[in-house]
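Notes for the one structure printed next.
Basis for what follows: all heavy atoms, side chains included, without hydrogens, waters or symmetry-related copies.
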Amino acid sequence: MPQPPAADLGTPAPDFTLPGTDGKAWSLADVAGEKGMLLIFMCNHCPYVKGIIDRLIVDAQTLQTAGIGVAAICANDADSHPADSFENMKAWAEEKAFPFPYLHDESQEVARAYDAVCTPDFFGYNAAGELQYRGRLDAFGKNDAPADAPRELVEAMMQVAATGRGPDEQVPSMGCSIKWKAA
């Protein structure tokens with residue numbers, strides 16, 4: 001179970017343009033919100049993503065209401081993991097009614113530019129496009145969380161929206177490794 005490296009806070013968000021499951025091409029500027037942005041590297045098949053997806057959808061809606069743009073990116077090799085194909089991404093986004101764009105990084109160039117390592121891997125940016133959060137959704141991982149569980153990602157991103165800076169203490173996300181294409 002890989003964990004992301006310690007965050008290099010302040011790093012600017014690399015630009016991208018990727019196709020979304022909604023039929024639109026999305027750029028970094030399209031995703032960015034007035035008060036910040038959250039990018040989530042995730043996929044369809046990962047048990048960690050499946051375990052958090054309903055909580056993530058609720059949290060994404062909370063963040064969007066606060067002026068924080070949200071998008072998810074799947075960079076997994078669909079040849080080795082067909083569940084993560086663009087067609088299956090479209091089906092899952094529709095089934096779950098994702099409130100955020102779900103983007104396909106077929107070349108894996110965007111995942112490499114961000115140094116994404118696992119699914120889910122969260123990248124929270126302030127309004128200036130500087131990395132301020134590289135932590136987890138919450139302490140419960142793929143397990144069910146009680147209704148009153150602290151919402152670490154939401155709390156961190158609300159702090160980013162209010163102050164431009166993320167929390168000093170951040171616990172890395174944990175999940176499945178990104179499925180890289182053979183070189």
Side-chain angles (χ1 to χ4, degrees), residues 1-4 13-33 36-65 68-125 133-138 140-145 153-154 157 172-183:
M1 287 164 270
Q3 288 186 333
D15 200 6
F16 61 81
T17 300
L18 293 171
T21 58
D22 60 0
K24 292 173 37 180
W26 290 80
S27 70
L28 181 68
D30 296 327
V31 174
M37 175 181 60
L38 174 67
L39 294 177
I40 308 140
F41 286 86
M42 63 179 227
C43 67
N44 292 14
H45 87 273
C46 172
Y48 289 89
V49 174
K50 287 180 175 182
I52 67 160
I53 196 64
D54 293 333
R55 295 193 314 269
L56 178 59
I57 288 169
V58 170
D59 288 354
Q61 290 168 323
T62 300
L63 296 176
Q64 288 168 323
T65 300
I68 298 167
V70 179
I73 300 171
C74 180
N76 274 3
D77 179 5
D79 290 337
S80 65
H81 290 77
D84 296 331
S85 72
F86 195 43
E87 288 306 313
N88 286 327
M89 288 172 57
K90 289 178 187 178
W92 201 38
E94 186 175 327
E95 172 194 336
K96 288 291 192 179
F98 287 171
F100 47 80
Y102 192 18
L103 312 177
H104 189 216
D105 181 16
E106 183 176 11
S107 73
Q108 301 184 319
E109 290 174 11
V110 175
R112 290 189 191 285
Y114 279 81
D115 197 24
V117 297
C118 64
T119 57
D121 201 348
F122 301 98
F123 291 78
Y125 292 88
Y133 188 71
R134 182 99 186 258
R136 63 188 179 185
L137 181 75
D138 58 35
F140 294 90
K142 65 183 178 179
N143 303 311
D144 289 338
L153 175 69
V154 169
M157 289 307 298
S173 187
M174 185 185 326
C176 298
S177 64
I178 289 185
K179 307 311 181 210
W180 300 106
K181 296 179 181 186

Between Trp92 and Lys50, the two heavy atoms sitting closest are CZ2-CG, 4.5 Å

May I ask you to decide if Glu94's main-chain N or O and Lys96's side chain share a donor-acceptor pair within less than 3.5 Å? no

Between Tyr102 and Ala93, which heavy-atom pair has the shortest distance, and what is it? CD2-CB, 4.1 Å

Taking Asp30 for the side chain and Ser27 for the main chain, is one N or O donor matched with an acceptor at less than 3.5 Å? yes

If you round to the nearest 0.5 Å, how far is OH of Tyr125 from CZ of Arg134? 8.0 Å

Heavy-atom closest pair, residues Ala111 and Ile178: CB-CD1, 4.3 Å

With respect to Ile73, which candidate in Thr119, Asp105, Asp121 satisfies the side chain to side chain contact (heavy atoms under 4.5 Å, CB included) definition? Asp105

As an exercise, state the distance from OG of Ser107 to CG of Leu18, rounded to the nearest 0.5 Å. 7.5 Å

Would the distance check show the side chain of Thr21 and the main-chain N or O of Met89 forming a donor-acceptor pair, the cut-off being under 3.5 Å? no

Nearest atoms (heavy-atom pairs only) where Ala72 meets Phe100: CB-CE1, 3.6 Å

For atom CD of Glu106, is the number of surrounding heavy atoms from other residues, nucleotides or ligands below 6.0 Å larger than 12? no

Going through the distances and angles, do Gln61 and Ile57 end up as a side chain to side chain contact (heavy atoms under 4.5 Å, CB included)? CA-CA 6 Å; Gln61 290 168 323; Ile57 288 169; 4.2 Å; yes

Supply the atom-to-atom distance Lys142 NZ to Arg55 CZ, rounded to the nearest 0.5 angstrom. 12.0 Å

Would Leu56 and Phe122 satisfy side chain to side chain contact (heavy atoms under 4.5 Å, CB included), going step by step from the backbone distance to the final call? CA-CA 11 Å; Leu56 178 59; Phe122 301 98; 3.9 Å; yes

Judged by atom type as modelled, is there a donor-acceptor pair below 3.5 Å linking the side chain of Asn76 to the main-chain atoms of Lys179? yes

Main-chain N/O of Asn44 paired with Asn88 side-chain donor or acceptor, under 3.5 Å: no

Kindly indicate whether the side chain of Pro120, heavy atoms from C-beta on, has any atom under 4.5 Å from the side chain of Ile52. yes

Considering all heavy atoms, the nearest Pro14-Ala113 contact: CG-O, 3.6 Å

Is the shortest heavy-atom distance from the side chain of Lys24 to the side chain of Pro101 under 4.5 Å? no

Go through it in stages, so that I can follow the logic: the residues are Leu39 and Phe16, the test is side chain to side chain contact (heavy atoms under 4.5 Å, CB included), and I'd like the CA-CA distance, side-chain angles, deciding distance and then a yes or no. CA-CA 12 Å; Leu39 294 177; Phe16 61 81; 3.9 Å; yes

May I ask you to say whether Arg112 pairs ionically with Glu109, meaning some side-chain N is under 4.0 Å from a carboxylate O? no

In terms of ring plane angle, is the pair Tyr114 and Phe123 parallel, tilted or perpendicular, where the classes change at 30° and 60°? perpendicular

Is there a side-chain contact between Phe86 and Pro19 in this structure, where contact means two heavy atoms from C-beta onward sitting under 4.5 Å apart? yes

Could you pull out the closest heavy-atom pair between Asp77 and Gln108, with the gap in Å? N-NE2, 3.7 Å

Verify side chain to side chain contact (heavy atoms under 4.5 Å, CB included) between Asp59 and Asp138, making sure each step is shown before the conclusion. CA-CA 11 Å; Asp59 288 354; Asp138 58 35; 5.6 Å; no

Taking the side chain from Asp84 and the backbone from Ala78, do they hold a donor-acceptor pair closer than 3.5 Å? no

Rounding to 0.5 Å, atoms OG (Ser85) and NZ (Lys90) come to a distance of 9.5 Å

